[in-house]
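What follows is a short report on a single structure.
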Amino acid sequence: DDDDVYHDDQLEFDSGFGNVIVVDNLPVVPREKFEKLEGVIRKIYSQIGVIKEDGLWMPVDPETKKTLGYCFIEYNTPQEAELAKEKTHGYKLDRAHIFAVNMFDDFDKYMKVPDEWAPPEIKPYTPGENLQKWLADEKARDQFVIRAGTDTEVLWNDARQSKTEPVYKRTYWTESFVQWSPMGTYLATVHRQGAAVWGGANTFNRLMRYAHPQVKLIDFSPGEKFLVTYSSHEPSNPRDANRVVINIFDVRTGKMMRDFKGSADEFAVGGAGGVAGNSWPVFRWGGGKEDKYFAKLGKNMISVYETETFSLIDKKSLKVENVVDFSWSPTDPIIALFVPELGGGNQPARVSLVQMPGKEELRQKNLFSISDCKMYWQSNGDYLAVKADRYTKTKKSTYTGFELFRIKERDIPIEVLELDNKNDKIIAFAWEPKGHRFAVIHGDNPRPDVSFYSMRSTHNLGRVAKLTTLKGKQANALFWSPGGRFIVLAGLKGFNGQLEFFNVDELETMATAEHFMATDVEWDPTGRYVATSVTSVHEMENGFNIWSFNGKLLYRILKDHFFQFLWRPRPPSFLTPEKEEEIARNLKKYSKKYEAEDQDVSMLLSEQDREKRRMLKEEWEKCVSEWRRAQEEEKLERQKLRDGEASDEEE
């Protein structure tokens, strides 16, 4: 598959002059000033890259013996030449001389432009493929992608039939990992030359490529309009930091909208995860599907960009002394930021909510004796939980409390929540998607407790209330269903894959199960099924299990060298909340059709089962009659061996 990529590269640099630029609008000088001008040009252009030996040539008019006002510069690489063009086109040498810089290869292109204007040929409109066709599956199934060994395949989850159904499979489809776009339209793959996205009505065709050599990481904007790609390059001087290149592409056109280049230190502020000390994603996207804003943490500032022009809002960053972390509301252009305590506690830590694009502060809360802080947004942007680790009076230990912000209420009221035993260590925290409840795993003993809280208690809608605490659970991770209501309490790593399927509406356990050594748990986007998998961090038992939402194991598939399992995300529903409510009220009417279908399927399955049993029985009977026949045939032989005794007649 890389052949055509190499072929495309060949076409670009066919003339062999991809590393040569032409600099125009130079001063016209006589022979004696020639050296001085050459020195000035060399000084400007050698800062950008390495000019080849004899790589600067300034033509001279044979009659006047003066320069012609332009020169050719040859660099070691086409990348340096491109950069030189980018950086110095429009450079002002003095009032009369403003450089015009072009790639040498472009001259060919412009020479071919005809002198006579001809109207462009209008191509007939051909409608593109329906990239959402998978959503209209008649059986309302979901897709997922898996990577095992060198194969990557997309499959349907056919849970009624308790099996998968293949959609598309390809060997060496990616060189490191694959990633769905946030609404499931595209599947992105990563290669040496850059990233690519795939999609289609019935199969996966390559829709667009994004050139970025040695790309390591990628990230989509929430509305799928943009793709961010990241690479890090070893410097020629080992004492220097790695060079980082980040490109932002328009997903549909493949056009690069903006690039950011710099040393790894510039991109290494704040956050966790990513590669070699860099937090990923470096750029975090503003809430909502409009893809209007993205921001990056810097030293004493947050740089917020808008995607109309890909420049800073108001042409300047948001100045915040000592800011160490920030996160966007998932639905609104609001940033929550955290500034730690300074001056030994003289200046308290604080959490601020800032509205974009006006940069006005909506709410601020000072926090005292803080050692660390984490921010958790609820998926609708209704609530923000700030988990604050505080020092005790002696400063010898810490305890944890929560500051709960009600974002959509007037003046953004804040409530403080402390656990019954405030010294309990917090192991995990998770909001119910689209809901008002949250779950916390807390405790120091080997079997911690799990507590559920609601932001809307029955007596008082404006107070947080505890719903229940489950004591002594083998759990260290929380996985809410995307539709809320149900949660999987999982014991991964040290707990060997314990699973508890819990109904939070009824506060009851639906099932307990185990997927030995499970490393990952992922709900499908509809909240009907759960996938648990064992990836190749373990040597054995690699593969995945598919469970129903209430904890019934539907099927399991073992795969050696299993790396990745990802459900294909679904875009938000077009139904209004009223329509969804109406469907829920009249569910009996709608479900008749599906119950009939389910019955057909189970009839078919039981028919298949009966057929299977019938064949097994036939096989068995055939086997028995074969042995009977053999026994009869050998009867005389046996008698002869026993000197004529009829031993078959003995008991």
Side-chain angles (χ1 to χ4, degrees), residues 142 157 159-160 162 376 378-379 385 402 417 419-421 424-458 464-534 541 544-556 565 567 584 587 591 598:
D142 274 291
N157 167 33
R160 280 172 171 175
S162 297
Y376 302 93
Q378 179 258 10
S379 66
F402 291 94
L417 169 71
L419 300 179
D420 299 344
N421 175 4
D424 269 4
K425 183 173 161 232
I426 305 283
I427 295 160
F429 174 97
W431 283 105
E432 174 182 31
K434 306 186 184 118
H436 53 87
R437 295 175 290 204
F438 58 90
V440 185
I441 304 181
H442 55 95
D444 297 314
N445 53 348
R447 285 169 168 256
D449 299 342
V450 182
S451 294
F452 293 93
Y453 293 85
S454 167
M455 295 294 279
R456 295 210 299 255
S457 58
T458 25
V464 66
K466 187 165 91 166
L467 300 172
T468 190
T469 295
L470 312 175
K471 293 278 185 199
K473 291 291 173 189
Q474 281 187 295
N476 52 17
L478 298 162
F479 299 95
W480 281 95
S481 157
R485 197 171 152 201
F486 306 112
I487 189 169
V488 173
L489 314 173
L492 306 176
K493 299 184 177 121
F495 283 136
N496 280 338
Q498 298 297 321
L499 304 169
E500 181 166 339
F501 294 78
F502 192 78
N503 178 343
V504 187
D505 278 2
E506 307 297 330
L507 296 178
E508 63 183 23
T509 298
M510 300 181 288
T512 52
E514 182 187 51
H515 183 180
F516 187 57
M517 298 202 297
T519 52
D520 300 273
V521 178
E522 201 183 347
W523 282 85
D524 85 333
T526 62
R528 295 176 296 174
Y529 304 104
V530 180
T532 57
S533 48
V534 178
E541 296 284 331
F544 61 92
N545 290 3
I546 301 289
W547 310 77
S548 66
F549 73 93
N550 54 0
K552 182 178 166 218
L553 178 60
L554 301 173
Y555 61 94
R556 64 180 310 200
F565 180 107
W567 288 105
L587 200 58
S591 61
D598 282 352

May I ask you to decide if [Y]'s main-chain N or O and [X]'s side chain share a donor-acceptor pair within less than 3.5 Å?
{"X": "S379", "Y": "K434", "answer": "yes"}
{"X": "T519", "Y": "S533", "answer": "yes"}
{"X": "D449", "Y": "G472", "answer": "yes"}
{"X": "E432", "Y": "W480", "answer": "no"}

List the residues meeting salt bridge (Lys or Arg N to Asp or Glu O under 4.0 Å) with E514, not counting sequence neighbours, and say none if there are none. none

Salt bridge (Lys or Arg N to Asp or Glu O under 4.0 Å) filter on D142, not counting sequence neighbours, yields R528, R570

Between [X] and [Y], ring centroids under 6.0 Å:
{"X": "F501", "Y": "F486", "result": "no"}
{"X": "F549", "Y": "W547", "result": "no"}
{"X": "F502", "Y": "F452", "result": "yes"}

Salt bridge D505-R485, side-chain N to carboxylate O under 4.0 Å: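 Salt bridge: yes.
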
Quick one, Q498 with T512, criterion side chain to side chain contact (heavy atoms under 4.5 Å, CB included). Give me CA distance, side-chain angles, the key distance, then yes/no. CA-CA 8 Å; Q498 298 297 321; T512 52; over 6 Å; no

So, taking the atom named CZ in F495 and the one named CG in L489, what distance separates them when rounded to the nearest 0.5 Å?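 It is 11.5 Å, given to the nearest 0.5 Å.
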
For the OG1 atom of T532 and the CZ atom of R556, what is their distance to the nearest 0.5 Å?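 So the gap between those two atoms works out to 8.5 Å.
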
Are [X] and [Y] side-chain neighbours, meaning at least one heavy-atom pair lies under 4.5 Å?
{"X": "D420", "Y": "K466", "answer": "yes"}
{"X": "F402", "Y": "F438", "answer": "no"}
{"X": "L554", "Y": "Y529", "answer": "yes"}
{"X": "W523", "Y": "V488", "answer": "yes"}

